[in-house]
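So the structure is just underneath, and the comments pick up after that.
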2 protein chains.
Amino acid sequence: MDKHNYHQLTRTFLRLSRFSHLASIASWDMFAMMPPGGSAARGEALAELSVLRHQILTDKQVGEWIANARQEDLDDIEQANLREIERHYQEAALLPESLVEAQSLAGSKCEHAWRTQRPANDWTGFSANLKEVVKLAREEANLRAAAKGCSPYDALLDKFEPDMTSARLDELFGEVKSWLPDLLKKAVAKQEQQALIAPQGPFPIADQRELGLQAMKELGFDFNGGRLDVSAHPFCGGVPEDVRITTRYDENELLSALFGVVHETGHARYEQNLPRSWPGQPIALARSTAIHESQSLFFEMQLGRSEAFLRRLQPAIIERFGMQPAFEEHNFVAWNQRVKPGYIRVDADEVSYPAHVILRYEIERALIDGEIEVDDIPGLWNEKMQAWLGLSTEGNYRNGCMQDIHWTDGGFGYFPSYTLGAMYAAQLFHAARTALPGLDEAIAAGDLTALFDWLRQNIWQHGSRFSTEQLIQNATGEALNADYFHQHLIRRYL
Amino acid sequence: MDKHNYHQLTRTFLRLSRFSHLASIASWDMFAMMPPGGSAARGEALAELSVLRHQILTDKQVGEWIANARQEDLDDIEQANLREIERHYQEAALLPESLVEAQSLAGSKCEHAWRTQRPANDWTGFSANLKEVVKLAREEANLRAAAKGCSPYDALLDKFEPDMTSARLDELFGEVKSWLPDLLKKAVAKQEQQALIAPQGPFPIADQRELGLQAMKELGFDFNGGRLDVSAHPFCGGVPEDVRITTRYDENELLSALFGVVHETGHARYEQNLPRSWPGQPIALARSTAIHESQSLFFEMQLGRSEAFLRRLQPAIIERFGMQPAFEEHNFVAWNQRVKPGYIRVDADEVSYPAHVILRYEIERALIDGEIEVDDIPGLWNEKMQAWLGLSTEGNYRNGCMQDIHWTDGGFGYFPSYTLGAMYAAQLFHAARTALPGLDEAIAAGDLTALFDWLRQNIWQHGSRFSTEQLIQNATGEALNADYFHQHLIRRYL
């Protein structure tokens with residue numbers, strides 16, 4: 001049977017993917033290469049391309065092709081691709097252009113002002129802009145919710161984590177809440193018994209870069225299809241054929257740049273090993289934000305900060321930077337596994353991280369569902385930080401509810417991905433360990449082939465072929481749950 | 001009076017300029033940053049954007065707006081912009097899409113095969129591909145010639161040098177032919193009387209880069225709107241707001257990378273100082289290929305290799321790399337002004353360079369006008385190289401007619417720009433020297449402000465507002481002629 005409509009769609013999405021390619025590279029360049037004077041022209045060029053992509057994607061014809069393609073005789077792969085095509089189309093076409101434009105303007109305004117308002121601790125100024133962003137996000141959420149038949153917040157969540165719901169999050173995060181405060185207290189108490197020695201710099205940046213490249217090589221990064229560069233905030237960008245990861249260096253801080261590289265290498269290997277058989281098609285893209293994060297946390301937390309990996313890393317550090325007390329094996333391992341609850345999410349260790357995420361999730365859900373208002377945020381933040389970590393953020397907005405960029409441009413629904421990613425990572429690592437006897441010994445010996453093959457076969461090569469739920473069921477034999485993350489934290493920290 | 005049609009055009013060209021921005025940055029990235037594995041995907045992405053830009057530019061509506069805008073009440077600037085808009089439109093819209101596509105395919109095929117055919121000296125293989133490229137270039141030339149009422153070659157020349165004709169080139173190059181062979185012989189003979197000492201490396205690449213950055217700074221490059229990087233073939237890319245120049249380093253060759261940087265800085269300052277009052281409009285673009293080249297040669301040859309500049313450069317070189325016999329002042333100046341005729345155009349000094357260009361001009365003109373065929377090229381090349389430089393290229397295709405990339409993808413009409421650029425540069429430098437008393441002393445003292453202000457006022461700030469002829473008449477008080485170039489060569493080399 002003729003698949004005319006389906007083929008029109010694949011042609012359209014191939015074309016869109018080529019424009020996305022240019023957007024990705026120009027964005028990477030903006031953060032890693034561009035001198036400040038290029039900023040305005042680049043912003044305009046990227047916005048113009050954005051408008052074009054939105055026009056192509058939301059063309060009425062695309063909707064008709066989708067409706068007609070459903071009647072065509074598609075195989076499993078094509079059906080999965082059509083499902084993803086429809087998801088992208090719906091996501092873009094549901095909103096009136098006027099709302100998209102208003103959101104873009106309000107988001108830019110809020111984000112831009114935030115850059116100076118945060119250091120100035122100016123909640124009054126910030127909240128005025130944020131109210132407009134929230135108002136528009138609620139409009140978006142309501143429109144999406146009406147189309148999908150779900151709650152407003154769930155409709156936003158779905159953009160990042162298809163099929164995830166707040167009911168399911170409440171269940172998963174509820175479990176974490178039942179054991180995390182106690183676990184955190186015990187881990188801190190245990191670590192207080194041993195005095196740790198901090199590494200003493202300076203560690204020349206050129207040497208840190210070489211160390212990072214060495215780590216990337218050992219972790220299987222394909223340099224024929226990617227690069228390592230520097231940016232203010234580390235990220236993984238580019239396209240699957242040419243993945244660009246970045247880190248940032250501090251002469252006095254050896255390990256943060258290194259583990260930043262290890263983290264981004266996890267993202268990168270996922271991208272580099274996505275399927276290539278369906279060029280430009282949504283089915284060939286990464287499954288979701290949380291699955292992407294699960295790969296970076298698999299690399300950084302499950303593998304990179306494991307005792308086996310750290311023991312292997314230690315001689316390489318000494319070889320490059322010379323011996324010092326901090327690099328003595330026991331101290332080196334303990335230093336890289338230390339727990340220190342604090343105000344700032346991006347500096348958090350893996351034990352206190354979920355506290356930061358669940359706090360934000362609870363606030364943003366209530367905000368989008370209309371249960372609270374912007375003015376309620378600082379009070380709730382302080383209350384929850386006191387309860388979780390015993391820290392007061394009263395009047396300290398800059399290190400409280402103004403610390404993240406996510407909400408400034410309306411990215412509500414993104415935060416849960418971080419902790420979902422940590423849970424997926426732990427569950428996947430457990431499954432890999434079960435499937436691969438002698439895994440810890442192999443890691444200690446630097447033989448990571450089997451582990452990466454397992455990831456390739458179970459996660460990377462599938463792209464978006466399966467739903468997240470199916471992907472995890474296939475890979476681990478069960479649905480996502482918080483147990484493996486819990487067990488991992490107990491084993492490493494108690 | 002309403003300028004509705006004109007404003008439709010400026011909106012369209014602003015949009016096109018934003019897509020050009022992305023194409024420029026993605027192309028720069030391809031040569032300066034991209035790992036090999038990204039090549040295929042990048043090529044496809046850029047081709048897709050190319051198709052889009054061509055569609056927008058050649059839309060029938062654009063032709064109608066142009067016709068209607070001619071009746072609108074436009075001021076001088078708007079009229080000049082409309083003239084340039086029409087030129088871009090005509091250039092793109094004259095050719096049927098099937099021809100453009102065939103040219104792109106034949107050009108890619110020929111260029112790609114040339115990369116291995118040139119080292120293999122495989123003329124037979126190369127000429128088979130080149131014949132197809134020439135056939136299509138003649139088709140293009142004939143279509144353009146019919147529309148413009150000129151010879152086929154003149155129609156191609158016009159793409160790079162608007163309003164230039166082969167009759168005018170014959171006149172200008174005819175003069176050069178009347179004095180260059182004798183001048184070249186005398187210059188070589190004079191230089192043979194003094195033994196020169198070559199600089200001895202290694203010169204660490206990091207230090208060479210620092211030296212290049214220092215030179216760029218002294219030459220007024222704006223680092224807030226540009227970068228220096230590395231690529232296999234040096235070029236100036238990016239956009240006026242963010243100019244990307246490149247060079248290549250060889251540990252044993254200090255001065256070629258440095259003068260490459262000086263050359264590209266000339267291109268860069270032209271771009272960085274183009275007018276900003278007409279965003280995205282063709283009137284704000286550089287005037288022509290030859291005027292662009294005149295700026296790079298102004299920087300490299302007129303200024304950079306002048307005795308005054310070299311005397312100022314010498315201590316900076318010694319400070320960075322230590323003293324050695326080659327850096328003794330007299331030797332340093334003479335080394336950077338040496339004349340050594342050879343086979344390769346890109347390695348040529350400024351005295352023998354015109355020989356390479358005029359030879360190519362005569363062959364490509366005859367080829368496009370149908371007076372000779374591809375099979376005649378090697379014989380003519382050998383004959384002309386013998387006559388000009390006393391060098392035989394018989395059977396030596398790789399260092400003869402296969403050395404350049406220009407013809408492989410149909411870039412006929414480009415070569416004259418190099419020598420036109422050298423003539424413009426000499427004429428401009430003469431005019432600047434006349435206008436600025438004490439210029440040589442200022443250069444020797446490192447005070448280049450007045451010189452750059454003169455270039456800004458006379459060339460850079462005008463973009464494409466005036467025709468090339470008018471621009472040069474305004475800047476120098478007379479039409480382009482070969483005399484100043486002749487006088488410059490006599491003064492420096494005899």
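Heavy-atom basis, side chains included; hydrogens, waters and symmetry copies ignored. A note on names: the letters A, B, ... follow the listed sequences, proteins ahead of strands, and every chain is numbered from 1.
With chain B as the partner, the residue from A:Gly38, A:Gly225, A:Ala41 showing the most heavy-atom pairs under 4.5 Å is A:Ala41.
Interatomic distance, CG of A:Leu52 versus CG of B:Leu22, reported as 10.5 Å (0.5 Å rounding).
For B:Pro35 against A:Gly226, the heavy-atom pair with the smallest separation is CG-N, 3.2 Å.
Applying the ring-ring contact (aromatic ring centres under 6.0 Å, His included) criterion to A:Phe19, with sequence neighbours excluded, gives no partner residue. Residues that satisfy the ring-ring contact (aromatic ring centres under 6.0 Å, His included) test with B:Phe13, not counting sequence neighbours, are absent from this structure.
Interface residue A:Leu49: backbone and side-chain heavy atoms are both found under 4.5 Å from chain B.
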Cross-chain donor-acceptor list, chain B and chain A, 3.5 Å limit, no angles:
| unit_1 | atom_1 | unit_2 | atom_2 | d |
| --- | --- | --- | --- | --- |
| B:Arg15 | NE | A:Glu48 | OE2 | 3.2 |
| B:Arg18 | NH1 | A:Glu48 | OE1 | 2.9 |
| B:His21 | NE2 | A:Arg42 | NE | 2.8 |
| B:Asp29 | OD1 | A:Arg244 | NH2 | 2.8 |
| B:Asp29 | OD2 | A:Arg244 | NH1 | 2.9 |
| B:Met33 | O | A:Arg227 | NH1 | 3.0 |
| B:Gly37 | N | A:Asn224 | O | 2.6 |
| B:Arg42 | NE | A:His21 | NE2 | 2.8 |
| B:Arg42 | NH2 | A:Asp242 | OD2 | 3.4 |
| B:Glu48 | OE1 | A:Arg18 | NH1 | 2.9 |
| B:Glu48 | OE2 | A:Arg15 | NE | 3.2 |
| B:Asn224 | O | A:Gly37 | N | 2.7 |
| B:Arg227 | NH1 | A:Met33 | O | 3.0 |
| B:Asp242 | OD2 | A:Arg42 | NH2 | 3.4 |
| B:Arg244 | NH1 | A:Asp29 | OD2 | 2.9 |
| B:Arg244 | NH2 | A:Asp29 | OD1 | 2.8 |

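Environment of CZ in A:Phe31: sparse, with no more than 12 heavy atoms of neighbouring residues, nucleotides or ligands closer than 6.0 Å.
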